[in-house]
Amino acid sequence: MACVVLLCADALSANDVPDLQLRIELDVLREMLRGHAEASGDYEHGRRFGPDSFDDPSGQPVVEEGRVEHCALCCRGHVVAREDGVVATRVAGNLVERLYHVLFRHVSVWREPILREELHGVVETPDLPADAQAKHFGVDHAVRNSRHAAIRLVDGDHRFEPCVGVRALAGVDHLLDAADGIHVFAEDCGSRQFHDEPRGKVVPPKISRERHFFQYFQKTIHGPTLEERAVACVGDVVRSGDRMEGSDDGFLGDRGTPIEHSVLQKVRCPPERHHFPFDIRRGVALDTGRYLLTLGNVAGGEPVDHVENAIDRATQSSCVFSFLGFEDRGQTAVRAFGGAHDRLGRTIVGRHRSSENGEKPTIKSVFRLHSVLSMANEMAKAYEAKLVEDGIYESWLSSGYFAPEGLPNITDSTEAFTVVMPPPNVTGVLHLGHALENSLMDAMVRYQRLLGKKVLLVPGTDHAAIATQARVEKNLMAGGMKNPRQELGREGLLEKIREFAESSKSTILTQVKKLGTSADWSRLAYTFDDKRSAAVNELFTRMYNDGLIYRGFRVVNWSVKGQSTCSDDEIETIERESMLYTFKYSKDFPITISTTRPETKVGDTAVAVHPTDDRYKTFVGKTYDVEFASAKLSIKVIASDAVDPSFGTGALGVTPAHSAIDFGMYEVQKAKNDPIEIKQVIGADGKMTADAGSVAGMTIEAARERVVSWLKEQGLLEKEEKVIQNVGTSDRYGDVIEAIPMTQWWLNVNKEIPGRGKTLRDLMREAVTTGLDGKSEQKVSITPDRFTKLYLDRIENLRDWCLSRQLWWGHRIPAWYRKTKSLPLSEGELEGVEIFVGAKPEGEGWVQDEDTLDTWFSSGSWTFSTLGWPSFAKATDGKPSDLEQFHPTNWIQMGYEILYLWLMRMILMSTYALNQIPFKDAYIHGILRDKDGKKFSKSSGNGIDPIEVIEEYGCDALRVSLLSGNTPGNDSRYYIEKVEASRNLVNKLWNISRFILSAKTPPPYEGGGRGEVEPKTLADKWILARFSETAKKVSLLIDRYDFSLAIEVLRDFTWNDFADWYLEIAKIEGEKSDILLYILERLLILWHPFAPFVTEEIYKNFDSGMIIVAKWPTVEHELSSEDRAAFDQVCSAVIAIRNYLSEHKTLPKDVESITIVNAGALAEMESVIGGLTKVKIVRSSMERPESITPIVVGAAQIFVQLPAVDAASEKIRIESEIAEATKFIAAQESKLANTDFVARAPEKVIAGERQKLADLQEKLAALQKEHAALVS
RNA sequence: GCGCGCAUAGCUCAGUUGGUUAGAGCGUCACAUUGACAUUGUGAAGGUCCGUGGUUCGAGUCCACGUGCGCGCACCA
């Protein structure tokens, strides 16, 4: 079995290792590490865990002879060989990580050694399999967080996070795992835990970047034989001919030059050298096969001369070396020590030059260096979102551009664009769903701002009555309280909730800002603040006065746990198994009935049958007195259409007090003047009432058992069967909803509104169909359209809305009673009570209703209560009010799960109060799910904090990843890989900009924008036209709310057209700065809605103010079809040549020349073709070279002069091309031979097809000619 | 039971009113890479567009039926 040993120099002594070869390595490695430890000030730590602490609990030799096939890396830690030949390793090491970073990551992280104490968090963990452990620690996460951790490390406070330790492990494991499915066991350091069993197989890396490195590593380190690798350890591998000369002008010089590959220097190594040499004393150089990677030693605080000595030694041993030094914080000077030249004699690594003032630079951190660079005026090598985002957001805030009044060139007549933010609940922290919402909203709003509109995004939060109260009560109960309401009382609990809500609110608002949301914070609203409360009271009062709100006795949804009613929309139905009992009330009772709720049967007052059911016809109208479980029941047999004669016995026991359906029958009977009784047997406390006979006072469950056993005793139970039943549960408290009759406040949706001639239902319907009062500008469109249908369906089945809640956290109902001792709970008590609705009435004895309003009552008024209704609805001093300017709002986004809860109520409230729709367009998005398609939720523990993602990848990357591939109304999944890809895209944009801006500083801005540019070459024309197309398309797509496609189009242009084609051509043709800047500036604007931060940061290089208020570009550049065809041909030619070279396994540098015959448009693009294919000589010619077979691109033939070509394989290539062409020609011909097609298809389509055929035929002819030549 | 959605490359998803040889990202394989970018470049492999039938000159796209998955609503006595 192949093993990888992860060795620990500190822990091993050579004597432990029987294998000589290995022992040599170990010696060397240990020496190396010691040197490393010494130099890094780490030695003492190393000693603490030195050889003495090594002790193999199993008594096995540390490494069994012949077992070890790879010796890869070294590190502090421990090695244990197990009987199965697997070598378990214990790794604490930072060296591995250092190597790892050095090898694969440029600068970036330079970790200080991990202290054992800090690792305890990791060490002290339960024994879990490694993958579970990885999950437990979030290893992937930790990997991603390494940079973040490093920052903390070098800040000098040495606060280590457990993830740092895991990070080290993860890195090593991945490296090793890359070997070949080897079992690698990683253990944490610390002798205390030494006797632990290894923890199992480590999961392979998931993140692409990491994988890439491993492959790279694997390819290069794991050479074919042990000898090679062993010898590589000795250090003396670079031949004396590889000179190492000092130089002062290396690019690591003293002039503040960017460090480039600072720690990692790439040095061309003779190809035959495939070893990784180490300098045993002072540094490490790894030959990866292509490069010799040299790593300078780290001298943590050591004087430079020490390092210099090291260099000398290193140089003597002919090991290529480089060293770096850094001065203290804030200084830009970076020094390179040592030097090296590549084979061409060019300086690769600058040699050290002592600092002028004689001070010795010391190495503190690599990361700091990066910061230094960012602080300097040049663009950093990679976009570091973390370093710029907060600053940029600050600058937006202080610019005033978030407020519509603060925007430039705004007048009263400027078109407004308003969006209200769906207010996040103040129940904790934001989740990824919020990140999606903010990305959508902010992209939209920024786009509109760039179009020059008077843009307002109103931010706010929602007190979320039930959700918040439930959360706080839960927290209190988790803290040991039994019944928070009882123990704290109304005011006490409210105080707690308020406290929680305020802290949660401030957290949330900070997070919303982190997401880059360009909201007008001066208009910040809260559903529970004074202004919004005033709007709520006003609405309630008006509706009451209009007779729409009434107090009614009704069966309501009751949550025993929450001690409150809830609306139909707040119920979540779940499936569960339950028993269906079939029985008679008594022996004499003529009809058998079924139920799943036997305990409620003590409240039965009737039995219902279908009117046409012959079985029971004779009983209808009769009343039977029975004694059921010691309760005296009077059961009347009634007929009702609601009964399904085919279900069960076709007869139904009617419990008016505890079933909405039955209550309906109760009302029908009352209306028919043939009333049945109503008898409440379940109380609000979830227990049986005094009316419940023998089960009075019992819990529901106990009562059920009791009734069932009674039925059995009496021999009344006929059948017992298991059924799957849907029951409603409270979505906040989770308990099963009981139906209980109560007096509550209701909103009547079917009553005509005085003076309007319409009901609320009518208004809600009109708003999405014809528009209010038939006005099309008062019509709400819903994207995607299918939700309109759902909405209308719901409208048709709408029932009165139960408004009152027995919660404390919320708007107290503005109703006052007089002459009541306690609040009425039953129908009868409604009478004789004086009710006043509005602000507190005059006079004595008024008591306010204890209840609060459904939270959606206040949310429903959100679009206009945030804009000043009712107090500031009118213009003052001739200035239009917010309401006049910004309502109806233009656009809103929300998830489909609140379509009924919120969208509907907003339409209701707004059409009622203002006779205006709340918004013109509603964009409905789906739910964001985790990578397995599961909903994010606290209980499944799959929650992801968007802020953490932002810290790691940047806000722009998160936004782009959430918006791309996400279509309206459809759920989407969240993948970290997607964020990574988006981060790469953002970085690409950054580097494109860096390249362009480093060539030329944008000229001063002159009002009206940087002037138009004139294309000089074909490529110029092409890119300008492509950009023009892109800009138009992006506008169109955003107008259609197709953010995903807009991003795709932008990405395609940015990466493929602009970076990969045009920028490469620009390098060849030169003198493109004007066009590049022209496009870049406008491209940044197109990107800005999606990636606001990076674009703003880059835009600083343009003297054009802030990009947030830039002008959306309109670009008009056309491309003639000839030019387009010509450019396409160039591209095809380049691709064909690359392809050809790839097929022939030939590098471009080995191609002597390329000759193009019948070049046509290609003739003037020779240098471009040469540049793009990296072939030095490209020429067009009338004469074809002898004995080469060309690539055929259109009419042109391209002859590539390879060192050697096999005629037979050429023949095969041509033949396969001929076959392919023939196939398509045949298809094409048959299509055109179809008379129906020619007769009926549009002209344009036919012409296109003909052209295609002609092109193919031309190509085929050329191919056949070549084939003939080859054969002859 | 009624209604809605989804089914396209190994994975996640795009695919605008029907019109090239169906796309992207990630992943895979091979190669390259010291002057913007290893967060890179180049090339390749990979698809019966769930099935059947229909409309049409032409269907991933429209229609019907079927299959599988998901969701909503109602019923759930």
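Per chain, numbering begins at 1; letters A, B, ... match sequence-line order. All heavy atoms count here, side chains included; hydrogens, waters and symmetry mates do not. Source: prediction; values computed, not measured.
On a pure distance criterion of 3.5 Å, no polar donor-acceptor pair joins the side chain of A/Glu1143 and the base of B/rA30. Side-chain to base pairing of A/Lys1067 with B/rA36: one donor and one acceptor N or O lie within less than 3.5 Å of each other.
Between the P atoms of B/rG72 and B/rC63, the separation comes to 25 Å (whole Å). Rounded to whole Å, the C1' atom of B/rG15 lies 15 Å from the corresponding atom of B/rC6. Between B/rG35 and B/rU42, the distance separating the two P atoms is 16 Å to the nearest Å. If you take atom C1' in B/rG27 and the same atom in B/rA9, they sit 11 Å apart, rounded to whole Å. Only the P atoms considered, B/rG70 is 31 Å distant from B/rC26, to the nearest whole Å. Rounded to whole Å, the P atom of B/rU56 lies 15 Å from the corresponding atom of B/rG18. Straight-line distance between the C1' atoms of B/rG43 and B/rC49: roughly 26 Å, to the nearest whole Å. B/rU21 sits 16 Å from B/rU48 when the C1' atoms are compared, rounded to a whole Å.
Residue A/Val1245 is the one, among A/Asp568 and A/Val1245, whose nearest nucleotide of RNA chain B lies closer to the 5' end (criterion: closest heavy atom). Each of A/Ser1142 and A/Lys978 has a nearest nucleotide on RNA chain B; the 5'-most of these lies closest to A/Lys978.
Phosphate proximity of B/rC13 to A/Arg973: present, with a side-chain N or O under 4.0 Å from OP1 or OP2. Taking side-chain N and O atoms only, A/Arg1051 has a distance below 4.0 Å to OP1 or OP2 of B/rG25. The shortest distance between the side-chain N/O atoms of A/Gln725 and the OP1/OP2 oxygens of B/rC75 is not below 4.0 Å. Applying the 4.0 Å criterion to OP1 and OP2 of B/rG41, one finds that A/Lys988 has a side-chain N or O inside that range. Proximity of A/Lys1174 to the phosphate of B/rU33: no side-chain N or O atom is located under 4.0 Å from OP1 or OP2. Distances shorter than 4.0 Å separate some side-chain N or O of A/Trp1055 from OP1 or OP2 on B/rG41. When the side-chain nitrogen and oxygen atoms of A/Thr967 are compared with OP1 and OP2 of B/rA14, one or more of them lie within a distance under 4.0 Å.
Pair assignment for B/rA64 gives B/rU52, based on Watson-Crick or G-U wobble hydrogen-bonding distances that are each under 3.5 Å.
Between the side chains of A/Asn984 and A/Glu980, not a single donor N or O lies within less than 3.5 Å of an accepting N or O.
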All N/O contacts under 3.5 Å from nucleotides 4-7 of chain B to the protein, with atom names and distances to one decimal?
from, atom 1, to, atom 2, distance (Å)
B/rC4, OP1, A/Lys789, NZ, 3.2

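Nucleic acid contact class of A/Asn726 (heavy atoms, under 4.0 Å, all strands): base. Among the heavy atoms of the strands, none lies under 4.0 Å from A/Ile724. A/Val643 comes within 4.0 angstrom of a base, heavy atoms only.
Cation-pi geometry between A/Lys1252 and A/Phe1224 is not satisfied (NZ or CZ under 6.0 Å from the ring centre, within 45° of the ring normal).
Nearest to the side chain of A/Asn1139, among B/rG72, B/rA44, B/rC37, sits B/rA44.
In A/Glu1143, the CD atom is crowded: over 12 heavy atoms of neighbouring residues, nucleotides or ligands sit closer than 6.0 Å.
Spacing between atom CD of A/Gln1251 and atom P of B/rU20 amounts to 16 Å, rounded to whole angstrom units.
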